[in-house]
Structure formats: C-alpha cells, structure tokens
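Just the heavy atoms: all of them, side chains too, but no hydrogens, waters or symmetry mates, feed the values below. Indexing begins at 1, ligand by ligand and atom by atom, following the structure's order.
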Amino acid sequence: MSEIFKGIPEIKYEGAKSTNSLAFKYYDADKVVLGKKMSEHLPFAMAWWHNLCAEGSDMFGRGTADKAFGADEKGTMAHAKAKVDAGFEFMKKLGIKYFCFHDVDIVPEADDIKETNKRLDEITDYILEKMKGTDVKCLWGTANMFSNPRFMNGAGSTNSADVYAFAAAQVKKALELTVKLGGKGYVFWGGREGYETLMNTDMAFEQENIAYLMKMAVEYGRSIGFTGDFYIEPKPKEPMKHQYDFDAATAIGFLKAHGLDKDFKMNIEANHATLAGHTFEHDLRVSAINGMLGSIDANQGDFLLGWDTDEFPYDVYTATKAMYEVLKAGGLTGGFNFDAKNRRPSYTVEDMFKGYILGMDTFALGLIKAAAIIEDGRLDKFIEDKYSSYKSGIGKKIIDRTTSLAELASYAEEMGAPDLPGSGNQEGLEAIFNQILFG
Ligand code: XLS
Ligand code: CA
Ligand code: CA
C-alpha cells in the first residue's frame, strides 16, 4: 500500500526550542511526569469523523479540504477503505494509539440497515487487519443517531416507535463493533435528545424512553462481553435548543435517577462544558467527585462565537487546569479524543498534522504545568488551610456529623457573631499560577 501523506515524516519530539512545525515541542511520549510516562498520562485518540470525513463545509459553503485519500469516488466502500489506510498512517506518524468512531463514519450508510450492517462487518474486518502488528486500539465507538432526517425528533426521545426501534438496532450493532474492535468505551451523545418547545413535547415520556434505551444497551453490551464504560457526553444545546444531557451535573442526576450510574461515566468535551456556561475544569470536577470521570473530548470553543466550533486546543491555561483535575482524579479510564477540526481555510494535509501536533503539545504542556502546580503545593495548601476550622472544636463535630441544629444554635448564641471567614486570595493564587506557568 502506498504512502498517503507523502512528505510528512513521523512526528518526533524536538523540544521547546525547535522551529520545525512538524515536530512536537512538549509531547515527549517517554518522558516521565509524576512517576508515569507522558504517553500513559495522555492516551490520545483520533476522531474518525473530523479527521477522515469532514471536509470543512459550513452553513455557507462547501468543503475546502479533500478527504478522498486517493479513492476514485467518494462515498464508496473503496473510499471507506482508503480512509482506514489514511487513518492508520496518520496515527502511526503521530504516535497516536487510539481512535473513536461513529458507525456511519466508517462506511457509507445504505438505504437498508441490513446492507449497512454488512458494510460495517466488512470494514471492521479491514480495520482489525490493520490493527494487527500495531498497538492501535479503539477508544470508543458510538452510533450516529442525529444526522439522518429520521432522527429529527431524537432517537431515544423520538415520538416514533419505529425510529426508536431503528435507533436500538444501530446501538446494538455499534456495540457489537465496539466489542469487535476491543473498544474501551461506548458513547451516547444525545445531540437530538432534547426539544425546541414544550408545546409539542412530553419531556417525562421522552426521558424515560432514553433511559430504557440505555438500560437495554447496558444489558446487551454486558451479554456480549463489553466490560468497558458506557459514557454520556453532555452538551447543553446545538443542534437542539434544550438538550437533556445539559452538563455533567444534569447527566449524572439522570443516571442516578434511573439506576444507570454503575455502568456509565462521563465523556466531557471542553467545548460543550463552555457552551453550558461552565469551564471545562468545572465539568471535569463534577464528574470526578461523583466517581464518573471517564473520558475527554479534547477541543476548545471560541467565546466570541458561542457555538460548537470544535477547535484544536491551544489554550494552555485551560489545559493546565484540566490536567490538574485529571491528575487529582488519578487519571482517566478512557482517553483524550481530539473531537476537533481544522479551521476551514486550513485545508492542507500539513494542516491536519499541525492540528494534532498543537493539541498534543497543548495537553503535554498542560500536564507538565499541572504537575508543577501539584509539586509546588501552594494552591493545594491554600485549600487545605481554607477549611481548617473543621479540624477541631465545633467544626470537627460538623464533620463527624455528631451535632444538631440546637447545639449549633446555642454555640452561635454564645459566640455572638463569627469573624469573617478569611480571604479567598484569588488574585494571590492566580499570581502563583502565572509564576508556575511562566517563571
Ligand atoms: C457533537 C459531539 C459528537 C460526539 C459523538 O457535538 O461532540 O461528535 O462526540 O457523537
Ligand atoms: Ca463539539
Ligand atoms: Ca464530542
């Protein structure tokens, strides 16, 4: 098989002083940070859809990038195979060990699901063949239940029982494929699981049906040997106005309410967290404190645009804060999937590689800086001290849960009025953060 990305070498680590745009400046796979190799801290994944399928079209114009990868005709099985070849060469050149996919990213969807499934069997045989002799694995699989017009009213939340059954068939197949490819996780991203207006929506009915679809997926997945995590990927809006998996807190509440919390974790996408009005690190923390930090879709949005721009992450402040959360949580059970796309005018093959180099370097730098913050200890110490009033006296009784409203009230009466609770020191802490980043 001939080389597809001609002229692109294997991307090597050259260090922060390098001016070679096709080299890593910070991602040094074997470098040990806090006792673990960077490659273990940062299991990066390629997103099949953006990298191998999307050509940069937007609402106002067609694509600018050509993703034929040498195939004569797009939308054919030959093209699907060319994408596999391209994907594996791409991952090898970057040293990426995982990929993520939707069913319809890897084959052209046929009119009949039986035919689509046949194509899926064929292409996954081909992918398996390519995986042999490499250490590339599937991070997670999923079913695209949002692009086809049949899903205009949702998949698990649809008003049509036939569409619901069709969605179930897609989930079943996508689970089988994920197991076949050794996937670590299975994602539910509910892009159309939501609504535009309550005037035409039975919210409770729809949410119950989504939960039932997830329950059936867990039952079936476990029955065919899927031992990994199911994930919900929260997103507040886009394409729907109100999406049921608004943010991590909402999705976790939903999972707990339906007894799904043992099988599910969160796949947190940075751009979705910010669309929900949170920071990326906020949704990571909410997931972590609930024991549900599973995987990450590593990208970033643009605050001036306010939609899901899926940019390659370059914001080192955010990556540092995210990696601090990941380190504190003891790592991810999943990985870092670059659900990111080049900007429309970045249409060349070099741009594809530069996007990933940027993303990998940003997270590597984030890891180095987050580790430095932990080793420095001043931020952690501040937080520890901030709550020190709970270490003795009445505070300890509160922590031990051995007091009562009556006792606290008489304590307060005796005290008169408490002192102010102490400075939050935000500016001081931000200065420390900058000192560690740039000092
Ligand atoms: C879209 C989502 C989607 C999921 C997988 O906004 O990010 O790509 O990651 O269905
Ligand atoms: Ca997104
Ligand atoms: Ca995503």
Side-chain angles (χ1 to χ4, degrees), residues 44-54 56-59 98-106 109 138-148 151 154-157 167 170-171 173-175 177-178 183-194 210 213-214 217 229-248 251 264-278 280 283-284 287 294-303 305-313 315 318 322 332 334-343 355 359:
F44 290 126
M46 176 191 75
W48 210 275
W49 53 102
H50 281 314
N51 202 44
L52 304 174
C53 305
S57 60
D58 67 14
M59 306 262 270
Y98 292 95
F99 62 88
C100 300
F101 72 100
H102 301 83
D103 45 4
V104 302
D105 302 334
I106 56 175
E109 189 177 9
C138 169
L139 183 66
W140 52 256
T142 187
N144 178 326
M145 307 192 296
F146 45 88
S147 295
N148 193 296
F151 296 121
S157 61
Q170 268 188 258
V171 170
K173 188 68 184 174
L175 270 166
L177 301 175
T178 302
K184 286 171 80 171
Y186 184 86
V187 164
F188 280 90
W189 170 63
R192 299 210 190 260
E193 314 288 31
I210 294 172
L213 183 60
M214 289 179 174
D229 289 322
F230 288 86
Y231 302 122
I232 282 186
E233 182 182 322
K235 186 177 183 182
K237 57 186 171 194
E238 200 196 331
M240 300 305 261
K241 183 159 78 177
H242 301 275
Q243 282 174 203
Y244 293 137
D245 302 324
F246 187 91
D247 59 2
F264 273 80
K265 289 190 165 60
M266 293 294 114
N267 179 42
I268 298 299
E269 178 176 318
N271 201 167
H272 296 182
T274 52
L275 281 176
H278 301 308
F280 182 22
D283 257 22
L284 295 175
S287 307
S295 210
I296 282 179
D297 270 13
N299 64 12
Q300 71 179 47
D302 185 319
F303 289 106
L305 294 176
W307 64 83
D308 191 18
T309 54
D310 285 345
E311 296 172 27
F312 281 97
D315 174 353
T318 299
L332 299 175
F336 295 79
N337 167 44
F338 287 112
D339 192 353
K341 59 186 179 212
N342 290 106
R343 297 306 86 196

Fill in: Minimum-distance N/O/S atom that E233 presents toward the Ca ion (ligand 3)
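Sorting the N, O and S atoms of E233 by distance to the Ca ion (ligand 3) puts OE2 first.
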Item to complete: Among the N/O/S atoms of D339, select the one at the shortest distance from the Ca ion (ligand 3) and name it.
Response: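 Output for this pair reads OD2.
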Discussion item. When you compare the side chain of M145 with that of R192, does any pair of heavy atoms fall below 4.5 Å?
Written reply: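 Heavy-atom side-chain distance check fails, nothing below 4.5 Å.
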Worksheet item: Can you name the N/O/S atom of D297 that is nearest the Ca ion (ligand 3)?
Response: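 The nearest such atom is OD2.
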Practice prompt. State plainly whether the residues K173 and D103 are in salt-bridge range, i.e. N to O under 4.0 Å.
Written response: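 No.
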Worksheet item: So how far is it from D105 CG to W48 CH2, rounded to the nearest 0.5 Å?
Response: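 D105 atom CG to W48 atom CH2 measures 9.0 Å (nearest 0.5 Å).
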Discussion item. With carbon and hydrogen excluded and only N/O/S kept, which atom of E269 is nearest the Ca ion (ligand 2)?
Written reply: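 Sorting the N, O and S atoms of E269 by distance to the Ca ion (ligand 2) puts OE2 first.
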Practice prompt. Calculate, to the nearest 0.5 Å, the distance between atoms CD1 and CD1 belonging to I268 and I296 respectively.
Written response: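 Reported value, rounded in 0.5 Å steps: 8.0 Å.
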Fill in: N/O donor-acceptor pair under 3.5 Å between E269 side chain and D339 backbone
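Between the backbone of D339 and the side chain of E269 there is no qualifying donor-acceptor contact (under 3.5 Å).
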Worksheet item: How long is the span from the CG atom in N299 to the CG atom in D315, to the nearest 0.5 Å?
Response: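 It comes to 12.0 Å.
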Discussion item. As a test of reading the structure, name the N/O/S atom of D310 that is nearest the Ca ion (ligand 2).
Written reply: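 Atom name returned: OD1.
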Worksheet item: About how large, to 10 degrees, is the angle OD1 of D308, then the Ca ion (ligand 2), then NE2 of H272?
Response: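 Value returned, to the nearest 10°, is 100°.
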Worksheet item: Where the side chain of Q243 meets the backbone of E238, is there a donor-acceptor pair that is under 3.5 Å apart?
Response: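 Looks like yes, one N/O pair under 3.5 Å.
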Discussion item. So C138 and Y98, do their side chains get closer than 4.5 Å, heavy atoms only?
Written reply: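 No. Closest side-chain heavy atoms not under 4.5 Å.
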Expected rows: ligand 1 N/O, protein N/O, dist below 3.5 Å:
from: ligand 1; atom 1: 6 (O); to: K235; atom 2: NZ; distance (Å): 3.0
from: ligand 1; atom 1: 6 (O); to: H272; atom 2: NE2; distance (Å): 3.2
from: ligand 1; atom 1: 6 (O); to: D308; atom 2: OD2; distance (Å): 3.1
from: ligand 1; atom 1: 7 (O); to: E233; atom 2: OE2; distance (Å): 2.9
from: ligand 1; atom 1: 7 (O); to: E269; atom 2: OE1; distance (Å): 2.8
from: ligand 1; atom 1: 7 (O); to: H272; atom 2: NE2; distance (Å): 3.4
from: ligand 1; atom 1: 7 (O); to: D339; atom 2: OD2; distance (Å): 2.8
from: ligand 1; atom 1: 8 (O); to: D339; atom 2: OD2; distance (Å): 3.3
from: ligand 1; atom 1: 9 (O); to: E233; atom 2: OE1; distance (Å): 2.7
from: ligand 1; atom 1: 9 (O); to: E233; atom 2: OE2; distance (Å): 3.0
from: ligand 1; atom 1: 9 (O); to: D297; atom 2: OD2; distance (Å): 3.2
from: ligand 1; atom 1: 9 (O); to: D339; atom 2: OD2; distance (Å): 3.1
from: ligand 1; atom 1: 10 (O); to: H102; atom 2: NE2; distance (Å): 2.6

Item to complete: Supply the atom-to-atom distance D302 CG to T274 OG1, rounded to the nearest 0.5 angstrom.
Response: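 OG1 of T274 is found 9.5 Å from CG of D302.
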